[in-house]
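Here is how names work: the chains are called A, B, and so on, in the same order as the sequence lines, proteins then strands, and each is numbered from 1.
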Number of protein chains: 2
Amino acid sequence: MTELEHYITSYFGVVNNDDLQTIVSLFKVEKVTKGMFLLHTGNRCEQLSFVQTGLLRIFVSTPEKEVTQWISTKGNFSTDLASFVFGVPARWTIQALIDTQLYTISKADYQKIGELVPSWHELEKLFIARCFVMLEDRIFSHLSMSAEERYQLFFENNKALFQQVPLHYIASMLGMTPETISRIRKKQLL
Amino acid sequence: MTELEHYITSYFGVVNNDDLQTIVSLFKVEKVTKGMFLLHTGNRCEQLSFVQTGLLRIFVSTPEKEVTQWISTKGNFSTDLASFVFGVPARWTIQALIDTQLYTISKADYQKIGELVPSWHELEKLFIARCFVMLEDRIFSHLSMSAEERYQLFFENNKALFQQVPLHYIASMLGMTPETISRIRKKQLL
DNA sequence: ATAATTTCTTGATATTTGTCAAGATGAAAT
DNA sequence: ATTTCATCTTGACAAATATCAAGAAATTAT
């Protein structure tokens, strides 16, 4: 099974092989260099991508500060789901933190799958439901955990990321300041 | 258009009338009295409901505290989506805060719609995508707003709720303590 | 290699939010 | 009507987190 096949089955669920090949064939390899934008806030999001190598940052600039919503690493997908599904202006900006290689499908091709693969809408549903569950976990972490606990949990599951991206991006996506993370780290050396 | 028809179209999207009638026919009116549980954490969630009148609280008890995830009011739906869709044990407990009347569909009937209404899985996808967007907004509020701002925003949009449910439930779902809300309120009288 | 820039850490301090305890208020039960 | 219980508010205090500023370390550009 290729990487892309693996990503698709793990997010969308199991498909028979013919359908999987149909789906895979509509994805294209896309290379973006460090700093390049895949999407700007306010534009329509016309694609969905899986990260093959590299890193993407999903964020939005508000008058007060820049809010990083997520950093997509190998195997993650990346899109502005609301914009991609409903065609509304995107909330998020997506930018490559380093040179990044993607498997990308355009919205047009994505919609085409619906005609080619009978069970597609059901798979889509499962995909979005998985996304929903991830966000639900995150909400729960904000309702029930301290900054320190949120940091710990994230660190355990994403150790490598801390060697790759500036700390303030991670801090932002966890809802705290970089200084807070620094202090948590210091405390834990003792 | 009946209330239920309205709820369905607003969450799932527009359906032709025959399909809408098919869908509506599978919902049953359910009455629960104050304090009754619709779901317990750890059980499988076997139904999805729309609140016609009354109030439901969605929460989970952790060793340290009780975390209220949401309070469903008239027109809201209520279910443990992860459990309902994937059949995993429910994270949430759902309890009626007051006598409540629901439009409820069982999981079996819900799945039956897939066979009766061709576009059903696509509608489901849209439904879950809308749920996703709501959670995304909430995540954003935790990443970018103070407790006071989160309270303000919620209060503006849900004034009536404050006359109906204990403050500590609302505080919990906003990720703060009831004392914090009390103080925010006091400050705003000045 | 050096300079320039960004990132990370640290300290001092301020602000926000939480905790605990007590009293006040209001609702429900007897 | 009285009691009981839960809720809400308030104060005093503590803890968590943010802010600001400075310096150290690391990275990037020249």
(message) In whole Å, I'd like the distance from the OH atom of Y151(B) to the P atom of dC8(D).
(response) 11 Å
(request) Determine yes or no for a side-chain-to-main-chain donor-acceptor pair under 3.5 angstrom, with K107(B) supplying the side chain and C45(B) the backbone. (result) no
(request) Find the distance F162(A):CZ to dT7(C):P and express it as a whole number of Å. (result) 16 Å
(message) Nearest whole Å is fine: how far is dT7(D) C1' from I170(B) CD1?
(response) 12 Å
(request) Treat primed atoms plus P, OP1 and OP2 as sugar-phosphate and everything else as base, then score nucleotides 12-30 of chain D 5' to 3': B for base contact with protein heavy atoms under 4.0 Å, S for sugar-phosphate contact only, - for none. (result) B----SSBB-------S--
(request) Report yes or no: does T93(A) contribute a side-chain atom to a donor-acceptor pair with the main-chain N or O of T41(A) at less than 3.5 Å? (result) yes
(request) Look only at the side chain of Q95(B) and the backbone of G35(B), and say whether a donor-acceptor pair between them is shorter than 3.5 Å. (result) yes
(message) I need the CG-C1' distance between L167(B) and dG18(C), as an integer number of Å.
(response) 15 Å
(request) Using a cut-off of strictly less than 4.0 Å, decide whether K186(A) has a side-chain nitrogen or oxygen near OP1 or OP2 of dC8(C). (result) no
(message) Distance check needed: dC8(D) P versus Q164(B) CD, whole Å only.
(response) 13 Å
(request) Could you work out which one of dC8(C), dT10(C), dT7(D) sits closest to the side chain of H168(B)? (result) dT7(D)
(message) I need the CG-P distance between L97(A) and dT7(C), as an integer number of Å.
(response) 11 Å
(request) Give the rounded distance in Å between these two atoms: CZ of R185(B) and P of dT10(D). (result) 10 Å
(request) Starting from P on dT19(C), measure out to NZ on K65(B) and report it in whole angstrom. (result) 7 Å
(request) Scan T68(A), V60(A), T79(A), L81(A) and name whichever one has a side chain to side chain contact (heavy atoms under 4.5 Å, CB included) with W92(A). (result) V60(A)
(message) Going by side chain to side chain contact (heavy atoms under 4.5 Å, CB included), Y169(B) matches just one of L174(B), L161(B), I71(B). Which one?
(response) I71(B)
(message) Closer than 3.5 angstrom, by distance alone: can the side chain of T9(A) be matched with the main-chain N or O of V14(A) as a donor-acceptor pair?
(response) no
